[in-house]
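If you're wondering where the values come from, they're calculated on a predicted model, not measured in any experiment.
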Amino acid sequence: MLTYKGMFVALKTGREEGDIRMNNAVYKLERPTNEPARDYLPGSEEIASLLEEIKRQSATTVEIPLIIGGKEIRTGDTADVVMPHDHRHKLGFFHKAGVDEVRMAIDCALEARRQWSLLSWEERAAIALKVAELVSTKCRDLLNSATILGQSKNIWQAEIDAACETADFLRFNAYNASELFSAQPVQSFKTMNRVEYRPLEGFVYAVTPFNFTAIACNLNMAPVVMGNVTVWKPATTSILSSYYLMKIYQEAGLPDGVINFVPGSGSAISDAVLKHPYFAGLHFTGSSETFTALWRQIADNLQHYRSYPRVVGETGGKDFIFAHRSADLDELATAIALGAFEYQGQKCSAASRGYIPRSIWPQLREKLLDRMSRIRMGDPADPKNLMGALIDEKSFDGIVSHITAAQKSPDVELLFGGEYDKSKGYFVEPTLLLCEDPHYVTMRTELFGPVMSLTLYDDDRYEETLKLCDETSPYGLTGSIFSQDKYAAMTACSALRYAAGNFYLNDKTTGAMVGQQPFGGSRMSGTNDKVGSVFNLIRWISPRAVKEHFLPPRDIVYPHMT
């Protein structure tokens, strides 16, 4: 008899693993609704509770071990966890995985897979749904505070990410799995046809980014709810919230070894993972360069794998806001200010280039500069601050280099911002550039920081400029068109068909919600396997069609031969 933390019992039926499908009921989950975001109004219990947890975590130094097969492992090779907005403030330290620990994680994952892959889908979904409940209730302040302190997100950005989107991913994945599993083939005379939805034959490598706690959750839990096991390499710059996610999984009853938490050097971990014959899939969010390098490694090892691996990734973006002369200027100015500068521009969906008709520019400029002048930057735990700090010194230095180069360029006018300071935190002012050359480097290169570049076009060159927008950047993630002219909007929608996997009409380029706007892009922005939807989940299964013939033929003679 096998026991998973007192929750699951496997009855021996002659199979080595045991049969843990104990219920023959057909479950159908109701379509969930999105988790409501809290407002954290002044004087409310919500803001008081959150600020108290922020204070507690700020005064605590957390030791973060590896978690492999449910066991905490301390390697002694450590690095500090600091606040980006106060990099002298140490929140904790984490242990780094080496090659031996990575191999141990793979072994534990494959061992856990023997039972986890046989568990009925509704039992796996139940764990995901319990994680969602913990995240949205008991652990909400814990996860939000870790995201605010460790990733320098303001209170609202942490709330819609770490609490709401994390819960949404878990609930919608469970629902979408139930819909997917219910799809069965047509029955025919003398036969019974069915499709079995098997998990992949091996383990999934989850490589998660610093900028969204929800993505760190989803890149593991989406494959897991489909019956897979993962080796998880979290971003070291968001290690605090990732560690708390791992502890929440354990509290929800996730069996040991299903997810294995191995922070450390990305290159060292990836090298060990991608050489293993049972590597079955990569679930990735990060830079296009890293994703391309990992794909090359996978290709070089294809002959060693048990199966062709699934490669799923969401990478970079050079997201645009395109204005028609009929645009509402207040809506447009607000979309630029929020789309470009919320979370310091460190969203893959953040607006970073804009195309503005000359006729509306004088009025738009006034409205936009007014909004930017009211953006407060500082400690993200201060409810009045919209912007925090960049994630680390490397990111800071990269953004500053582009700002200083732009200030020296005769083709660029600095309209706002341009100041920076890393003496205490990695702070860069919201910066607005007007580029005479629409091909200037900040108009075509992903920066991942609070820099927005605009270029002006003649009103009568609308369609020509749409073509320019489509061809300037190698990415295809998000973009928007602002127009009160329906025909002009539809012209843009057609011309920019492949320029954005998430396209917005009269809205900013950020803020996709699970279940409403499935997220992902193509070109150099990734494989467009829309997270939070059935398009993503289907990548983590390997269907098997089963035909049972009730009256099989008994002779080789067909009717026409008689």
> Restricting to side chain to side chain donor-acceptor pair (under 3.5 Å), what partner residues turn up for D392, sequence neighbours left out?
none
> Checking H402 now: which residues fulfil ring-ring contact (aromatic ring centres under 6.0 Å, His included) with it, not counting sequence neighbours?
none
> Tell me, do E165 and C217 make a side-chain contact under 4.5 Å, heavy atoms counted?
no
> Filter on salt bridge (Lys or Arg N to Asp or Glu O under 4.0 Å), then keep only pairs touching residues 313-326, sequence neighbours left out; what's left?
none
> Does a side-chain N-to-carboxylate-O contact under 4.0 Å join K467 and E471?
yes
> Is the CG atom of L29 crowded by more than 12 outside heavy atoms at less than 6.0 Å?
yes
> According to side-chain contact (heavy atoms from CB on, under 4.5 Å), who are the partners of N176, at least two apart in sequence or on a separate chain?
F172, L537
> Holding to ring-ring contact (aromatic ring centres under 6.0 Å, His included), I want the full list of residues that pass it with H85, two or more places apart in sequence or in another chain.
none
> List for me each residue that meets side chain to side chain donor-acceptor pair (under 3.5 Å) alongside E464, sequence neighbours excluded, and say none if there are none.
R461
> Can you list the steps and then say if K138 with E133 is a salt bridge (charged side-chain N to carboxylate O under 4.0 Å, His left out)?
CA-CA 8 Å; K138 174 185 174 183; E133 291 304 307; over 6 Å; no
> Do S453 and R444 get their side chains close enough for a donor-acceptor pair, meaning under 3.5 Å?
no
> State which residues pass side chain to side chain donor-acceptor pair (under 3.5 Å) with R374; sequence neighbours excluded, sorted by chain then number.
D370
> Got a sec, which pairs hit side chain to side chain donor-acceptor pair (under 3.5 Å) with one end in residues 409-418, sequence neighbours left out?
none
> Please lay out, stage by stage, how K55 and E52 fare under the test salt bridge (charged side-chain N to carboxylate O under 4.0 Å, His left out).
CA-CA 5 Å; K55 180 180 178 181; E52 183 62 29; 5.1 Å; no
> Under the side-chain contact (heavy atoms from CB on, under 4.5 Å) rule, collect the residues that match up with E429, sequence neighbours excluded.
M377, E419
> Would you check if R376 and D382 make a side-chain contact, meaning some heavy-atom pair closer than 4.5 Å?
yes
> Is any side-chain heavy atom of H324 less than 4.5 Å from a side-chain heavy atom of F482?
no
> Less than 6.0 angstrom separating the ring centers of F322 and F503, yes or no?
no
> Between G520 and K530, what is the shortest heavy-atom contact and its length?
O-NZ, 2.8 Å
> I'd like to check the side chain to side chain donor-acceptor pair (under 3.5 Å) partners of N211; sequence neighbours left out, ordered by chain and number.
none
> According to side-chain contact (heavy atoms from CB on, under 4.5 Å), who are the partners of Q516, at least two apart in sequence or on a separate chain?
N34, M513
> Give me the ring orientation class for F448 and F210: parallel if the planes are under 30° apart, tilted from 30 to 60°, perpendicular past 60°.
perpendicular
> Listing request: all salt bridge (Lys or Arg N to Asp or Glu O under 4.0 Å) pairs with a residue in residues 479-500, at least two apart in sequence or in separate chains.
none
> Would the H87 and Y426 ring centres measure less than 6.0 Å apart?
yes
